[in-house]
Each structure stands twice: as structure tokens, then as C-alpha cells.
Amino acid sequence: MSITVKEISTSMILRGNYIRDLLSGDARSDVTVHGWVKTRRDSKDVCFVQLNDGSCPADLQVVISPANFDADLLRRVTTGACIRVNGQLASSPAAGQALELQAMEVKVIGEADPATYPLQKKGHTMEFLRDIGHLRTRSNTFGSVFRVRTSLAQAIHSFFHEEGFLYVHTPIITASDCEGAGAMFGVSTLDMLNVPRVNEGAQRGQVDFGQDFFGKPAYLTVSGQLEAEIFALAFTNVYTFGPTFRAENSNTPRHLAEFWMIEPEMAFCDLQDDMFFAEKFLKAIIARVMDECASDLEFFNKRIDNSVLQTLENVVNSVFEHITYTEAIALLEKSGQTWEFPVSWGSDLQSEHERYLTEQVFKKPVIVVDYPREIKAFYMRANDDGKTVRAMDVLAPRIGEIIGGSQREERHDVLLNRITEQGLDPASYWWYLELRKYGSAPHAGFGLGFERLMLYLTGMKNIRDVIPFPRTPGTAEF
RNA sequence: UCCCCGCUAGCUCAAUGGCAGAGCGUUCGGCUGUUAACCGAAAUGUUGGUGGUUCGAGUCCACCGCGGGGAGCCA
């Protein structure tokens, strides 16, 4: 079937005309490029402009002969300006680039006052660039970050699509306050200066959420998992990929108040399958990004972290280490290290413990399984030993926990006991429990923090620098 | 939220309680098919905020704000 559309604006850039395409093609005449000036070097008889349109890390070198152009026009071709150039794409006589654009026609689309334009060609700190979030996208580093980000997102969708998974959009607003994954942002249309109160009864004096938009308290989601389980028990294999919100006052290079999470949920899947699938998933998407964004990853390896490429190759080619929580505790106990937090069976692994296992002992991702039931969520399937649950955490060097998952408790009576045992109200989980009454099935899944994976892929140090617009306590600029 | 460190020119950083500095960027000039070019000159400051100690505070003290590192919570 052929598709026809009305003619597209003659200046719109489409595939084949990005700087990326031009640089990987052949010399030819009558080429038009649009982009933003990164730097400019002047001689008496020739002027070199580095032009970037975001399509690749490399700039296109535009060569301008000042004699052929109006001096006032060239004066406005400054760092940061947006220009359009038409000319001849020719092989370059100098080292540094194979092709360059000999300018025949130059138009300044948007000027940039060089006295105030904040980006220099020298390196800037990530902190400074974060303060100019509206311009940091023009920098080399953030160009590569966001190209890798789009490639990674596509790789994830492709992977699940090829594996036959259903993509489910779980709700962003939820009225279940039962997810237990941390502090939640409230969603309300009540007038905060004049909050309605309950006038009578046991709830007297409390906020009257009956008058609120949803008729009860509502929140931004902290996880789509419980809803994904609904879909897994109808579509077999499903995944979510969407924004997630945590109102925790976390101030670390690894936490955001708004982040993106991938949560596959698979029916007829036990913890072993879950674990191997997580490994297959990670390897597949990393390999794909390595293939698609080779030049961006080279940039990270050169400028940000010189171990990134080796680490990624190692992940793709190695077999992840699998150990039980009990074995992990034993390794830590006999390590001879002194720990800030003492190691004992029953307490959760601390950052220092995870780093020791991934960075010192195994030097690659480690999957730890079968955690004590007391330190894990109610929905994780109980093991027969009565002490542990079928939970797994994928720990990565430098990043720590990158994936957390489990086989879910599919037995109605056991789940009900666990809910009560943890002091939760079974009535809040009525639909979650009913899934175990009508055609229940063993199932498992995991959650992957998208930005944490970005940290791993890029070698970037702060999670605020791998998301377009970071939201953290006290900060929601841009 | 807790512990530690920091905040000085557009950026990165100096300055023993005693005249506010450099490099880069910017502007101007020179030179060169240049590559984070090179050479010369110039302009650029409410030292994060408020209060205090002192003859005198960028420097010492208190509180606040912001940033970084570590920790907790977690993905």
C-alpha cells in the first residue's frame, strides 16, 4: 500500500539529510544543512564553522570564504547561532574529517549573542550544565546522552515486541494506596487553603476526600506492577514502560522523584526463568545500543569514563553470577573486610556489601536470590523453607541494584496470610486477591530503573544528567 | 533526612584577618586550510544571603540557601 501526503515544507529535515547521513555518505553538490554553530575558527581568507544538528556526535565542518559573503552576515555566525548553509559537500584536504561543506549560501536563522551565550568549547561541569537545562542539550555530552537514551528506549520496545510481549499502559494516577513502595505524591483538586473536613462520625475533622476529584485519596503511581499482573493473567507476557513517582526526600546521584521504569510480568514463569530472562534482556538491549550508538559510546569512553566500553562488552559476553542471599552473607562474613553495617543473616544487603560483591569478588553483574521474607514485599512467593521468598536483585558494579524482581505469590490463602501478617488491609487488595481466585497461575516479573541503566551505559555519574528534565527534592526547573 | 566538603569575573579556580587575581571565554588587533588553533591588547566583581566578632572580613562565628561526595529510603 502506498502512502501519499501533501508536500512537506522544503526546509524540513528528514532521513538522508541529517549531518549524520551526510558525513556517512559521498561528496555531492547542492547540499542544504541546518544546525547550531558549535565553534568557529577564522583566518584571513577562510573561516571554519563547526555545525551540529544533534544527529551525531561529529560536527560538520563548514568552510566559508569571507570574500564571497557580506561581512555583517558572517559577523552574526557566532557560537550558539542557528544557521542554514547550502553548498557543496566535498572531500576535506585536512585531517580531522573526511568531508566538509563548501558554503555557497549562508542564512542566519537565529542569532546568539556571544557575550552572553553560556556554552564554551572548553569542558563545563555537569553541575553548571544542569543549571542551563535549556541549553545543555547543545553540548557534546548531552547530545550523546539523549541519543543513547532514545536508542535504549527503542531497544527495549523492540526486544519485548520481538518476544511477543503486550505493551500495557498502566495508570499514572492510582487510588490504591496499597503499593507500599515508598512515599507517594498526592493528586487532588481540593482547595488547599480551604480543605473540606468531615463534620461527623469517627472521621470527624479529617480531610473529606469524598469531595475530591476521585471521591477518595489519589496518588501518582510508584509502580505499575500490580496492574501489570492483571494483564499477565490474560495476555501471558506483558510489560510496562512509563513514568514512576517517588516522594521520598532522597538526595543522591541515583534517585529521582520522577523516573521511568520498565516492568515485565510473565505468566507461567518461575524465579529461575525470571532471572535468566532478565539477563537475556539486559544483554540484548545493551548489545543493540552498542551497535546503534557506537560513536556516542566512544565519546563516553573517552571523555566520561574510560572503562565503559570494556564494562559493556564484559556484560554482553559474560555469564552473570548467580548466588543465593545465604551464600552472599557467607561471602561477606568471610571477606575479612570491616563493614560499617554488620553482616548477619536476616538483615538487608547495604550499598557497601553490594559493591564488594560486584566490584571486588565477581567484577560483573551478580544476581542474588532467595531473600529473607521479613525484608521483602508481601507479594513475593514464599519458599518451602518458611524463611525465604523468591526474590531476585540484579546488582551491577558502581550502580548497585539495577533490577529488582520476584516470582509472585499465586496461592490465595498464602497471599492473604502475608497481607495480614504485614499489617495491611486485605480489603484494599480485593482485586489483587481475586486474581488468585479465578484462574490463578504462577507468574513472575521484575522492575528496571531506566535511568539507572542509562548510568551504566554511559558512565555518567549523576542520574540527574541522564534524564531530560530531572525532578528532585526542591528542583523542578524547566 | 543524617555526616563531611564547597560557594570569589560568563566558566574553572587562586588570594597568611590588611590594594580583588589567573587561565579559559568575550571584545579589538595580528597571523595561519584551521581542528578544545596560535600571538598581542582590553573590558569584565553586591566574594551565595542575613546577622555578628574586629580598627579592618573573600578569609573568623551563627543561621539560612544552593551544589558536591558518602549514608539511609529505593529503581
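Below, all heavy atoms of this structure are taken into account, side chains as well, without hydrogens, waters or symmetry copies. First the proteins, then the strands, lettered A, B, ... as listed; each starts at 1.
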Tell whether [X] reaches the base of [N] with its side chain through a donor-acceptor pair below 3.5 angstrom.
{"X": "A/His124", "N": "B/C11", "value": "no"}
{"X": "A/Glu100", "N": "B/G33", "value": "yes"}
{"X": "A/Ser250", "N": "B/C73", "value": "yes"}
{"X": "A/Asp45", "N": "B/U32", "value": "no"}
{"X": "A/Gln97", "N": "B/U34", "value": "yes"}

When all nucleic acid strands are considered with a 4.0 Å heavy-atom cut-off, which category describes [X]: base, sugar-phosphate, or nothing?
{"X": "A/Gly474", "result": "nothing"}
{"X": "A/Phe48", "result": "base"}
{"X": "A/Leu256", "result": "base"}
{"X": "A/Phe450", "result": "nothing"}
{"X": "A/Glu258", "result": "nothing"}
{"X": "A/Pro114", "result": "sugar-phosphate"}
{"X": "A/Arg464", "result": "sugar-phosphate"}
{"X": "A/Thr78", "result": "nothing"}

How far does the [atom1] atom of [N] sit from the matching atom of [M], given to the nearest Å?
{"N": "B/C60", "M": "B/U47", "atom1": "C1'", "answer": "15 Å"}
{"N": "B/G45", "M": "B/C13", "atom1": "C1'", "answer": "15 Å"}
{"N": "B/A9", "M": "B/U26", "atom1": "C1'", "answer": "12 Å"}
{"N": "B/A43", "M": "B/C2", "atom1": "P", "answer": "47 Å"}
{"N": "B/G30", "M": "B/G67", "atom1": "C1'", "answer": "42 Å"}
{"N": "B/C63", "M": "B/G68", "atom1": "P", "answer": "23 Å"}
{"N": "B/G18", "M": "B/U27", "atom1": "C1'", "answer": "35 Å"}
{"N": "B/C38", "M": "B/G23", "atom1": "C1'", "answer": "16 Å"}

Strand partner of [N], provided both Watson-Crick or wobble distances fall under 3.5 Å:
{"N": "B/U16", "result": "none"}
{"N": "B/A57", "result": "none"}
{"N": "B/C2", "result": "B/G70"}
{"N": "B/A9", "result": "none"}
{"N": "B/A41", "result": "B/U27"}
{"N": "B/C63", "result": "B/G49"}

Measure the distance from [atom1] on [X] to [atom2] on [N] and round it to the nearest whole Å.
{"X": "A/Asp393", "N": "B/C74", "atom1": "CG", "atom2": "P", "result": "11 Å"}
{"X": "A/Glu127", "N": "B/G6", "atom1": "CD", "atom2": "P", "result": "16 Å"}
{"X": "A/Arg355", "N": "B/G69", "atom1": "CZ", "atom2": "P", "result": "12 Å"}
{"X": "A/Leu135", "N": "B/G10", "atom1": "CG", "atom2": "C1'", "result": "13 Å"}
{"X": "A/Asp131", "N": "B/U12", "atom1": "CG", "atom2": "C1'", "result": "14 Å"}
{"X": "A/Arg254", "N": "B/C73", "atom1": "CZ", "atom2": "P", "result": "11 Å"}
{"X": "A/Glu401", "N": "B/C73", "atom1": "CD", "atom2": "C1'", "result": "11 Å"}
{"X": "A/Leu129", "N": "B/G25", "atom1": "CG", "atom2": "C1'", "result": "14 Å"}

| request: Compute the centroid of each ring, for A/Phe235 and then for A/Phe165, and state whether the two points are separated by less than 6.0 Å. | output: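 A/Phe235 vs A/Phe165: aromatic centres not under 6.0 Å.
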| message | Can you work out whether A/Gln120 or A/Glu354 has the more 5'-proximal nearest nucleotide on RNA chain B? | response |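 Its nearest nucleotide being more 5', the pick is A/Gln120.
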| said: Go nucleotide by nucleotide along RNA chain B from the 5' end; which of A/Lys461 and A/Gly404 gets its closest nucleotide reached first? | reply: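 Here A/Lys461 is the residue nearer the 5' end.
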Are any of [X]'s side-chain N or O atoms less than 4.0 Å away from OP1 or OP2 of [N]?
{"X": "A/Gln61", "N": "B/U35", "result": "no"}
{"X": "A/Arg41", "N": "B/A36", "result": "no"}
{"X": "A/Ser351", "N": "B/G72", "result": "yes"}
{"X": "A/Thr125", "N": "B/G67", "result": "no"}
{"X": "A/Asn251", "N": "B/U1", "result": "no"}

Is there side-chain contact between [X] and [Y], with at least one heavy-atom pair below 4.5 Å?
{"X": "A/Gln88", "Y": "A/Val31", "answer": "no"}
{"X": "A/Leu60", "Y": "A/Asn52", "answer": "no"}
{"X": "A/Phe259", "Y": "A/Phe245", "answer": "no"}

| request: Would you indicate which nucleotide in B/G72, B/G33, B/G68 comes nearest to any side-chain atom of A/Thr252? | output: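 The nucleotide sitting nearest to the side chain is B/G72.
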| From B/U32, B/G72, B/U26, nucleotide with atom closest to A/Ser43 side chain |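 Of B/U32, B/G72, B/U26, B/U32 is nearest to the side chain of A/Ser43.
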| task | Indicate whether any N or O donor in one side chain lies under 3.5 Å from an N or O acceptor in the other, for A/Asp296 and A/Ser144. | result |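 A donor-acceptor contact under 3.5 Å links the two side chains.
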Would you call [X]-[Y] a salt bridge at under 4.0 Å N-O?
{"X": "A/Asp274", "Y": "A/Arg390", "value": "no"}
{"X": "A/Asp393", "Y": "A/Lys376", "value": "yes"}
{"X": "A/Arg288", "Y": "A/Glu292", "value": "yes"}

| task | In sequence, state the C-alpha distance, the side-chain angles, and the governing distance for A/Lys363 and A/Asn314, and then conclude on side-chain hydrogen bond (donor to acceptor under 3.5 Å, both in side chains). | result | CA-CA 9 Å; A/Lys363 296 182 168 59; A/Asn314 191 30; over 6 Å; no
